[in-house]
Amino acid sequence: MARRAIAARLPDVAGPVEEADRVYDALRIAIRDGEVAPGRRLASERKLAEDLAAPRTAVRRALQRRSAEGLVERGIGRAGSRVRQTDEAPAVVAARAASPQDVLEARWAFEPGLVPLIVARATEDDFLAMERMLDRMAAAATQQEFRECGYGFHLELARATRNPLLVDMFEHIVEARARAGWGRLVSLNATPEQRKAQLGRNRKVVEALRHRDGAAATAALRDHLARMLDEIARGPQAQQ
């Protein structure tokens, strides 16, 4: 795999993110976005480790995880692994039928449930990672960059639970988001005012979590997602 295809996708996330998670995210996004075409063979573990400046054990774990999801066929020796052509994981196939509203409804039902575990387990490093991602949202030069940083922020919330299954579940929701035509919903964060409002609501979530106030964090998170759902329901005309 060309270095630029994946290395450019490595999340620039401050804080204690495991190398295997970073490699997994790079592989997932590259496959999702079609930068690594179905049927194409990946480089060997050794070459991927060199290109991504990651330990070989981290690359192996990331590939094993992709293989368990049915999206990568593991290679032997120098053959490398291959992106599956048609044998996709059921969750990915099902995700194609989701609309943007479906995705937001799933997030509204799922994400507030993470709050008790975040309150119980999040460390100062977790909060710093959340805040740095919010700072990246604030500094985003484009709408697309703002959205991707927003995803990164909510992924940090999931990671703060210290539960890999919950992180996987959230990532499936995000993969559904990519297939749901999210890019067409330009009106969701088209203006500086809208982006500032979304950023403010997310900062309110972090503030409540820092104070270990689960009720306030849950309410703030539900309010943020409900407002986005309302904007979709009203449509672009209502926002003009």
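Minimum interatomic distance between C149 and R136 (heavy atoms only, all atoms of both residues): SG-CB, 3.8 Å. Listed here is the closest heavy atom pair of E156 and A129: OE1-CB, 3.7 Å. Taking both residues in full, the closest heavy atoms of A217 and L209 are given as CB-CD2, 3.6 Å, listed atom of the first, atom of the second, then distance. Of all non-hydrogen atoms in L199 and L134, the two that sit nearest each other are CD1-O, 3.4 Å.
Checking each of V119, L117, I118 against R121 for a side chain to side chain contact (heavy atoms under 4.5 Å, CB included) leaves exactly one that passes, namely L117.
Atom CG of D125 is separated from atom CE of M130 by 11.0 Å, given to the nearest 0.5 angstrom. Between I173 atom CD1 and L155 atom CG the span is 11.5 Å, to the nearest 0.5 Å. In this structure, the separation between CG on L157 and CZ on F170 is 7.5 Å, given to the nearest 0.5 Å. Note that the OG1 atom of T161 and the CG atom of L114 stand 6.0 Å from one another [nearest 0.5 Å]. Going from atom CG of L225 over to atom CZ of F110 covers 12.0 Å, rounded to the nearest 0.5 Å. Remark: T123 OG1 to R162 CZ distance equals 5.0 Å, nearest 0.5 Å.
The shortest side-chain heavy-atom distance between D102 and E105 falls under the 4.5 Å cut-off.
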Please lay out, stage by stage, how R195 and Q143 fare under the test side chain to side chain contact (heavy atoms under 4.5 Å, CB included). CA-CA 9 Å; R195 292 193 284 274; Q143 195 174 5; 4.3 Å; yes

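Judged as a ring-ring contact (aromatic ring centres under 6.0 Å, His included), not a single pair has a partner in residues 119-139 (not counting sequence neighbours). The side chain to side chain donor-acceptor pair (under 3.5 Å) pairs that include a residue from residues 213-223 are D223-R227, where partners are two or more places apart or lie in different chains. Under the ring-ring contact (aromatic ring centres under 6.0 Å, His included) criterion, the residue pairs touching residues 201-232 are H154-H224, with sequence neighbours excluded.
At a threshold of 4.0 Å, the pair R203-D135 counts as salt-bridged, since one of the basic side-chain nitrogens sits closer than that to a carboxylate oxygen. Between R46 and E50 there is a salt bridge, since a side-chain N of the basic residue sits under 4.0 Å from a carboxylate O of the acidic one.
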